[in-house]
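Structure record follows, encoded as structure tokens.
Computed from a predicted model, the values in this text were never measured in an experiment.
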Amino acid sequence: MKKEIVDIRYVAKILFLVIASVNLGHTFDVTWLGLLFATYFAVIGYLNGTRRREFSARPKYNKIPAYGAIVPLALYWVVTPGVENGVNPVMVFLPGLYLLFLAALQERSRGNGGFEAFVAFDGVAALLFSMFAVPKGWSPVGFAGLLLALFAYSRRGTAWYKYLLFVLLIILLSGISYGGWLYWRAHRGEYGARMADDYYQRERVLGFDPVNALGSFGSNYQSKYNNQVVLRVWDSIPSKYLKAASYEKYVAGIWKPPVKPLKTLIPSYYQVDYAVLETSDSVTYKARQVWIQSTLKTFGFVFAPYGSVGFAAKDLDSLQYFAGGTIKGLDGNGKRSDWYYFTCDFCSVPKSLLAYTEGDLLVGKSYEPLLDTIVTAMGLVRRDSLDSTQILDSTRSFDSENLQRILSYFKENFTYSLKVPGLGRKFGGKSNVSRDPLSVFWHAKQGYCEYYATLSVLALRRVGIPARYATGFANPEVVEGRPYAIFRRKHSHSWVEAFVDGHWVIFDPTPPMLTSLGNEPNLFAVKWEGLQGRFARAMHFLKEGEWRRTVDSWQNYTQKITDGVAIYVALVIAILAFVGLKIRRYIKGRRRNIITPKNAAAIEWARRLTKAELTLATLGFHREDGETVGAFVKRLLKVNVVDSTSKEKLQQSISVLQDYEEQRWMK
């Protein structure tokens, strides 16, 4: 039997596994667990190297513990919260722990189902995981473990200089890593700022801060993340505009939202784990609900289309309803949020929430000269200049006409651009031009949505038309066959809400873009997004409690069945049918055994007969078709064979055939 070769290499291997265990436990503050694994490896090494040397005497390798350990570790992985910036240590510790566990299973059964190669691979991988954020003073311990692994698993008889070359290679790579760290430390301020800016762009929906600055959407259009999916709206025919907020006060390039909510929405009822909040009582029961998933932080805004009569979200006790339909209160939902909105063809938002306020007519004194110039250039009609006859003339809407004049002026004199030339500097020789971005935009005659919407809002207010600056997403991406629509960063938009002819209307003054914002997603990206969306929906179904409805309905259905008699009658019939089938098979089996015996003796004699006939065939003697064994024996007894070897084989075969004739029917 094969036995363990116990020498200095085997001792080095056990010490290497002990070091990997202790280092992993110490690095992740579970020293007791590392010591437990170290003790286990020491005991297994002692048993394998002394009284249990034979490989066959070791326990057989069992795959069930190896696969079973995945379940608790995977569950712990799922419930472990992420971190905003950096790597969560648990995500490194769990793979290292699992690999150490596999190394322990393989070493325990090595030679009887376990393999040396897996012990080496799992042990070295666990040791490398244990070097993650190694506390000061433990790096040499990990390095010593690598050297022990090198010595333990190298080929016997390896020259000493090869070990030296490997150590020098490790030292060289360590020196390069250390030099890189020193370089990073010297330039970390520069890289840190760049990484912080990149992180900010990647993780946050720019342009939707509670205080909105002109130009904040620019990063959504010009960064490498402009194709990043921000919202998934589970509606095959979504609204063109998905609104985040309305703003009322503009000062020096900054839009500020209303600070006083018009209404506080309190949960009317709960839909599984979601609190349902209605703009008016008992409207969402007859409304259609749409689920929205946000992949990024929304700053507490509830994105929803116009006319939404209710909202539902988890982990909140109220939502704030501001002028213009701005809904806030998702801040407690964490980095990423999801919610529902409700729409209804027969429901409506209360008129008190749709009326305009004084803030919708607010214009700063410092902007009046510029706005008067703009109103005159566009030919807008002021409400205070109309007489009573013109106001009562129902065949003509001066408010709607003003909107058309703004559109025409922008179309004829402005162009869409992701940059506003001259922004941040004065235009020489023009006294009414300041550093304000709105003034720069008016004179540059090019810019993007934020500038067009801002200028239009203030111009409409200047002529007496209530207006608001609105932000959100527009023109969703709809793919045929996909049950949801998506909004990417480049779909972020701002537009105007104008109170025209007694009601609010969406007014979008931004000219169309001549070129698309970035490259369109390729086919693979579209398909991959489809898989991501459906996976997110499935996880939502499992995680958020929707499956409880299915379970409850199934439970009610099964309760009705079990309360009736039919289920028990069917059960008795099935049992009787099963018993009858078993009896029928037993009777048929008995008959088959009577007709054709299948006992061990008959099988053995058939085997011996076949072997004897094969031997005779090599000598040139064959039993004819229809010839009995007894007749075949009589014919063979008359044969005279000269060769002694052939004669001996013939006599042995004849003896078997004679025994077969005499004993085959004996029990």
(request) For the pair Tyr67 (side chain) and Ile70 (backbone), establish whether a donor and an acceptor sit closer than 3.5 Å, ignoring hydrogens and angles. (result) no
(request) Kindly compute the distance separating OG (Ser130) from CG (Leu97), expressed to the nearest 0.5 Å. (result) 12.0 Å
(message) Are the side chains of Leu75 and Pro72 in contact, using a 4.5 Å heavy-atom criterion?
(response) no
(message) Exactly one of Phe217, Tyr247, Tyr451, Trp255 should register a side-chain contact (heavy atoms from CB on, under 4.5 Å) with Ser494. Which one does?
(response) Phe217
(message) Is any side-chain heavy atom of Leu438 closer than 4.5 Å to one of Tyr250?
(response) yes
(request) Given side-chain hydrogen bond (donor to acceptor under 3.5 Å, both in side chains), test Asp338 with Tyr274 step by step and report yes or no. (result) CA-CA 10 Å; Asp338 73 284; Tyr274 285 75; 2.5 Å; yes
(request) Would you kindly check if the NZ (Lys) or CZ (Arg) of Arg405 is within the cone defined by 45 degrees around the ring axis of Tyr409 and under 6.0 Å from the six-membered ring centre? (result) no
(request) Say whether Asp508 and His493, considering side chains only, have a donor N or O and an acceptor N or O under 3.5 Å apart. (result) yes
Taking only distance into account, with no hydrogens and no angle test, what donor-acceptor pairs under 3.5 Å do side-chain atoms of residues 317-328 form with protein atoms, sequence neighbours excluded?
{"unit_1": "Gln320", "atom_1": "OE1", "unit_2": "Thr264", "atom_2": "OG1", "d": "3.1"}
{"unit_1": "Thr326", "atom_1": "OG1", "unit_2": "Ser246", "atom_2": "N", "d": "2.7"}

(message) Check for me whether the distance between the ring centres of Phe303 and Tyr341 falls short of 6.0 Å.
(response) no
(request) Report yes if the side chains of Gln293 and Leu231 come closer than 4.5 Å at any heavy-atom pair, otherwise no. (result) no
(message) Among residues at least two apart in sequence or on other chains, which ones pass ring-ring contact (aromatic ring centres under 6.0 Å, His included) with Phe101?
(response) none
(message) Once rounded to the nearest 0.5 Å, what's the spacing between atom CG of Leu361 and atom CZ of Arg468?
(response) 10.5 Å
(request) Using a 4.5 Å cut-off on heavy atoms from C-beta on, say whether the side chain of Val496 contacts that of Pro509. (result) yes
(message) Show every salt bridge (charged side-chain N to carboxylate O under 4.0 Å, His left out) that has at least one partner inside residues 249-261, sequence neighbours left out.
(response) none
(request) Measure the CG-CD1 distance between Asp399 and Ile465 for me, rounded to the nearest 0.5 Å. (result) 4.0 Å
(message) Using only atom types and a distance under 3.5 Å, with no angle test, would you say the side chain of Arg461 pairs donor to acceptor with the backbone of Leu362?
(response) yes
(message) With no hydrogens and no angle check, just 3.5 Å: does a side-chain donor-acceptor pair link Tyr306 and Glu497?
(response) yes
(message) I'd like to know if the side chain of His443 reaches the main chain of Phe441, judged simply by a donor and an acceptor atom lying under 3.5 Å from each other, with no hydrogens or angles considered.
(response) no
(request) Quick one: list whatever passes ring-ring contact (aromatic ring centres under 6.0 Å, His included) with Phe410, sequence neighbours left out. (result) Phe414, Tyr452
(message) To the closest 0.5 Å, what do you measure between CG (Leu403) and OG (Ser408)?
(response) 11.0 Å
(message) Tell me the closest heavy-atom pair linking Ala126 and Leu24, and the distance in Å.
(response) O-CD1, 4.1 Å
(message) Using every non-hydrogen atom in the two residues, find where Val478 and Ser236 come nearest and quote the distance to one decimal.
(response) CG1-O, 4.0 Å
(message) Angle between ring planes, Trp504 versus Tyr356, binned at 30° and 60°: parallel, tilted or perpendicular?
(response) perpendicular
(request) Check for a donor-acceptor pair, side chain of Tyr340 on one end and backbone N or O of Gly310 on the other, with a separation under 3.5 Å. (result) no
(message) Which residue in the set Arg534, Arg232, Arg482 passes side-chain hydrogen bond (donor to acceptor under 3.5 Å, both in side chains) when paired with Glu529?
(response) Arg232
(message) Among residues at least two apart in sequence or on other chains, which ones pass side chain to side chain donor-acceptor pair (under 3.5 Å) with Ser216?
(response) Glu450
(request) Give the minimum heavy-atom separation between Glu278 and Val283, together with the two atoms involved. (result) OE2-N, 3.2 Å
(message) Which heavy atom of Leu418 sits nearest to which heavy atom of Tyr448, and what is that distance?
(response) O-CE2, 3.3 Å
(request) Can you sort out the partners of Arg288 under salt bridge (Lys or Arg N to Asp or Glu O under 4.0 Å), two or more places apart, ordered by chain and number? (result) Asp235
(message) I'd like to know whether NZ of Lys263 has more than 12 heavy-atom contacts from other residues, nucleotides or ligands below 6.0 angstrom.
(response) yes
(request) Please determine if Glu477 and Arg488 form a salt bridge, counting it only when a charged side-chain N lies under 4.0 Å from a carboxylate O. (result) yes
(request) Specify the closest pair of heavy atoms between Val233 and Pro238, including all atoms of both residues, with the distance to one decimal. (result) CG1-CB, 4.5 Å
(message) Looking at Lys445, I want to see if its NZ is surrounded by more than 12 non-hydrogen atoms of other residues, nucleotides or ligands under 6.0 Å.
(response) yes
(message) Aromatic contact between Tyr241 and Trp495, with the criterion being ring centroids under 6.0 Å apart: yes or no?
(response) yes
(message) Counting neighbours of CD1 on Ile237 that are heavy atoms of other residues, nucleotides or ligands and sit closer than 6.0 Å, is the number greater than 12?
(response) no
(message) Quick check: closest heavy atoms across Val349 and Ser308, and the distance to 0.1 Å?
(response) CG2-O, 3.6 Å
(request) Report the distance from atom CG of Leu100 to atom CZ of Phe129, rounding to the nearest 0.5 Å. (result) 12.0 Å
(request) To the nearest 0.5 Å, tell me how far Ser456 OG sits from Asn402 CG. (result) 11.5 Å
